Amino acid sequence: MTTTRFAPSPTGYLHIGGLRTALFSWLWAKKNEGQFLLRIEDTDLARNSQDAVTAILKAFDWVGMSYDGEALFQSKRFELYAQYVEQLLNEGKAYKCYMSKEELTALREEQMAKGERTRYDGRYRDFTGTPPEGIEPVIRIKAPTEGTISFVDGVKGEINIASSEVDDFVIARAGGVPTYNFVVAIDDALMGLTDVIRGDDHLYNTPKQIVVYEALGFKLPNFYHVAMINNEQGKKLSKRDGATDVMEYKTLGYLPEALLNFLVRLGWSHGDQEIFSVKEMIALFDPKNINKSSSNYNLDKLLWLNAHYIKNKSNSELAELLVDFGVDIKEHSKRDLILNATKERGKTLVELAEQVNLILNAPTEYNAKNFKKAFKEDTPKILALFMTLLKEAELNEVADYHKVIEAVVEQKEIGFGKIGMPLRVSLLGSMTGSGLDEIMAILGRDETLSRIEKAINELNT
RNA sequence: GACCCUUUCAUCUAGUGGCCAAGGAUAUUGCGUUUUCAUCGCAAAAACAAAGGUUCAAAUCCUUUAGGGGUCGCCA
């Protein structure tokens, strides 16, 4: 059975790049009717927090992803790891190293000066003498000294790393706490992972983990290393580049389906298709179509997708979502009229809420510039006629309001702009926005009249 | 510095030796629709990092150079 995982270290919120690799893993598991597991990598006891775990789960929940079974915490498995350390020690595949941190630093500086790749020199690999006093040893694993470590990456193809590049790395710190590459290999194997999809910043960890797999006799999974997401300038994505926390996108008024659609197309494609529902993603996703190169993060497309998903969302769902943005029209009798008039004008829920508020709340002040542009000498007379006709009109639907405007245009023999602009400024205080007849149908006769009167009074003062 | 990965329009990408004087999408610009804005429709502009090979034929294969990214922890 296809088994994938997401394995974050709980040191902060869920990052946008993390969500993409999680999405890829999740899609691949779902497509194959397999399992998607969650493992919390909290072996660095000083840096992780429960809040971070909660934050990650909250983000998963928001986008509608879920994991199978219980989340696994590495911090609860130290005994298990210790057993494997013991096993390797007994089998002579690992050894105690008594090198001090000072000595290590000195060695690295020396190697750096010589232009070599820094690596542990294996000085305690075959040590049988009396250990130095006062040094608590670390445990190092015996990595191969000759040849190359090779594996086939599902994204990048064959990867060959010379064994000379992989040193006898530490698998247990002084004090016994195991290290990352050691526990990852053990857990990935024990959890039965068939496919490991992760960022390509882990590419260099893979040969190390292979050393562990082989020492312990575990079967290797398929590896897929996905290139990073960079900012628009092609540099590493940082907080300065806008939202990096997944939950920020919720606050900014993005729909989770838009965010997922955006992320799935960053580094993956299916021909020319741009719009993918989650269902389609699951049906079509295949890691073999993941791109080798890193992609740059660009908000324009996300915005476009978000507008698309807002336009296509039902009014009842939109009304529900808008509550978080301070607009509650769930029980409003003209809910559909309001949303139909506004949902093509909001690229985010924040903007949509603004559009709705613009109609719902009478303008409190008028922009002098707008007034000057919209109101000409004959405008008061035109508006007066409009009000007269509106009072008498039979008003049942949107089209009825339109008829009133048409009647004014006809009687006064003027263009639509002559009545349209002043009317718009009177009703919204703005030169742009939804259709006038729609706005008036939402407001109704009384509110429409009152807003026009208010505007005229404002003009006269 | 060493090692690894990578390079198609501004951006996301299609492309697996002939279907490519390179296709789609976003963004940009113009036109149309619209009383306005938005939506929508149509159109324009816009790329194979460079140089050498291999081949009848190269965006695609090889070599070199250059750019970008990553890694070099008793972090993960």
Side-chain angles (χ1 to χ4, degrees), chain A residues 7-11 41-44 46-48 74 97 99 101 104-105 108 111-120 136-140 153 155-157 159-162 164-167 169-175 177-181 183-184 199-207 225 227-228 230 232-236 262 265-275 289 291-305 307 311 342-347 351 355 374 402 405-406 409 415-421 423-425 428 430-437:
Chain A
S9 57
T11 51
E41 313 225 305
D42 52 353
T43 52
D44 185 358
R47 282 206 311 171
N48 51 62
Q74 291 187 321
C97 171
M99 201 169 177
K101 287 190 182 179
L104 249 183
T105 312
R108 286 200 188 105
Q111 287 168 332
M112 200 69 107
K114 275 196 266 177
E116 292 169 7
R117 184 173 165 83
T118 57
R119 65 193 299 277
Y120 173 69
E136 203 178 351
V138 298
I139 314 296
R140 290 182 180 272
D153 185 280
V155 175
K156 312 239 185 211
I159 306 285
N160 299 302
I161 311 259
S164 58
E165 293 295 317
V166 180
D167 64 2
F169 60 94
V170 174
I171 56 172
R173 304 165 168 93
V177 177
T179 60
Y180 174 77
N181 281 307
V183 299
V184 164
D200 76 353
D201 47 343
H202 286 288
L203 196 63
Y204 241 88
N205 287 324
T206 309
H225 289 96
M228 303 277 95
N230 294 324
E232 207 154 345
Q233 288 74 42
K235 303 288 178 191
K236 198 172 175 174
F262 172 69
R265 283 286 290 105
L266 226 47
W268 176 83
S269 59
H270 178 74
D272 288 339
Q273 188 168 344
E274 296 288 346
I275 307 278
N289 296 325
N291 263 228
K292 288 167 187 266
S293 56
S294 57
S295 36
N296 292 0
Y297 179 89
N298 178 283
L299 219 58
D300 286 334
K301 205 144 190 177
L302 173 59
L303 222 42
W304 172 72
L305 283 164
K311 265 184 294 184
T342 52
K343 69 180 171 189
E344 286 183 356
R345 267 161 264 264
K347 287 191 193 301
E351 287 179 16
Q355 289 291 324
H402 190 72
I405 301 177
E406 272 183 337
V409 167
F416 265 97
K418 281 249 176 190
I419 168 95
M421 268 311 169
L423 195 51
R424 177 177 301 283
V425 170
L428 300 183
S430 157
M431 306 275 285
T432 64
S434 310
L436 285 172
D437 37 15

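Everything numeric in this text was worked out from a predicted model, so none of it was measured. Note on naming: letters A, B, ... go to the chains in the order of the sequence lines (proteins, then strands), and numbering restarts at 1 for each one.
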What are the atom names and distances for every N/O pair under 3.5 Å that joins the protein to nucleotides 40-51 of chain B?
from	atom 1	to	atom 2	distance (Å)
B:rC40	OP1	A:Lys311	NZ	2.8

Can you name the residues that form a side chain to side chain contact (heavy atoms under 4.5 Å, CB included) with A:Ala174, not counting sequence neighbours? A:Glu136, A:Val138
Say you pick atom C1' in B:rG23 and the same atom in B:rA47; how far apart are they, in whole Å? 12 Å
Residues in salt bridge (Lys or Arg N to Asp or Glu O under 4.0 Å) contact with A:Glu41, at least two apart in sequence or another chain: A:Arg39
Quick check on B:rA2: is either OP1 or OP2 less than 4.0 Å from any side-chain nitrogen or oxygen of A:Lys114? no
Below the 4.0 Å mark, does B:rU6 have OP1 or OP2 next to a side-chain nitrogen or oxygen of A:Lys292? yes
Please produce a list of atom pairs where a protein N or O lies less than 3.5 Å from an N or O of nucleotides 70-73 of chain B.
from	atom 1	to	atom 2	distance (Å)
B:rU71	O2	A:Arg117	NH1	3.4
B:rC72	O2'	A:Thr118	O	2.9
B:rC72	O2'	A:Thr118	OG1	2.5
B:rG73	OP2	A:Arg108	NE	2.6
B:rG73	OP2	A:Thr118	OG1	3.4

Is any side-chain N or O of A:Asn296 closer than 4.0 Å to OP1 or OP2 of B:rC12? yes
With sugar-phosphate meaning primed atoms plus P, OP1 and OP2, does A:Glu41 contact a base, only sugar-phosphate, or nothing at under 4.0 Å between heavy atoms? sugar-phosphate
Donor-acceptor check, side chain of A:Thr179 to backbone of A:Val170, threshold 3.5 angstrom: yes or no? yes
Can you identify which nucleotide, out of B:rA27, B:rG24, B:rU7, has its nearest atom closest to the A:Arg265 side chain? B:rG24
Could you work out, with salt bridge (Lys or Arg N to Asp or Glu O under 4.0 Å) as the rule, every residue matching A:Glu344, not counting sequence neighbours? none
With no hydrogens and no angle check, is any side-chain donor or acceptor of A:Asn291 less than 3.5 Å from a backbone partner on A:Ser293? no
Would you classify A:Asn298 as touching base, sugar-phosphate or nothing, given that sugar-phosphate means primed atoms plus P, OP1 and OP2, and contacts are heavy atoms under 4.0 Å? sugar-phosphate
Can you check whether A:Phe169's main-chain N or O pairs, donor with acceptor, with A:Arg119's side chain at less than 3.5 Å? no
Between B:rG24, B:rU35, B:rU7, spot the one nearest the side chain of A:Ser293, thanks. B:rU7
Please enumerate all residues that pass side chain to side chain contact (heavy atoms under 4.5 Å, CB included) together with A:Pro207, with sequence neighbours excluded. A:Ile149, A:Phe151, A:Ile161, A:Val166
Excluding sequence neighbours, so at least two apart, what forms side chain to side chain donor-acceptor pair (under 3.5 Å) with A:Asn181? A:Asn205, A:Gln209
Check ring pair (Phe, Tyr, Trp, His ring centres under 6.0 Å) between A:Tyr120 and all other residues, then give those that pass, not counting sequence neighbours. none
Which nucleotide in the set B:rU39, B:rU13, B:rA76 lies at the smallest distance from any side-chain heavy atom of A:Lys347? B:rU39
Report the residues that fulfil side chain to side chain contact (heavy atoms under 4.5 Å, CB included) with A:Thr432, sequence neighbours left out, ordered by chain and then residue number. A:Ser430
Can you tell me which nucleotide in B:rA14, B:rC37, B:rU11 comes closest to the side chain of A:Thr432? B:rC37
Side chain of A:Val138 - closest among B:rC74, B:rA2, B:rC12: B:rC74
What pairs with A:His402 under side chain to side chain donor-acceptor pair (under 3.5 Å), at least two apart in sequence or on another chain? A:Asp437
Show me the protein contacts with nucleotides 18-21 of chain B, counting only N or O atoms at under 3.5 Å.
none

Check every strand shown and say whether A:Thr11 touches a base, only sugar-phosphate, or nothing at a heavy-atom separation below 4.0 Å. nothing
All side chain to side chain contact (heavy atoms under 4.5 Å, CB included) counterparts of A:Lys236, not counting sequence neighbours: none
With the side chain of A:Lys156 defined as its heavy atoms from C-beta on, choose the nearest nucleotide among B:rC74, B:rU13, B:rC5. B:rC5
Could you tell me whether A:Leu305 contacts a base, only the sugar-phosphate backbone, or nothing, with contacts defined as non-hydrogen atoms closer than 4.0 Å? nothing
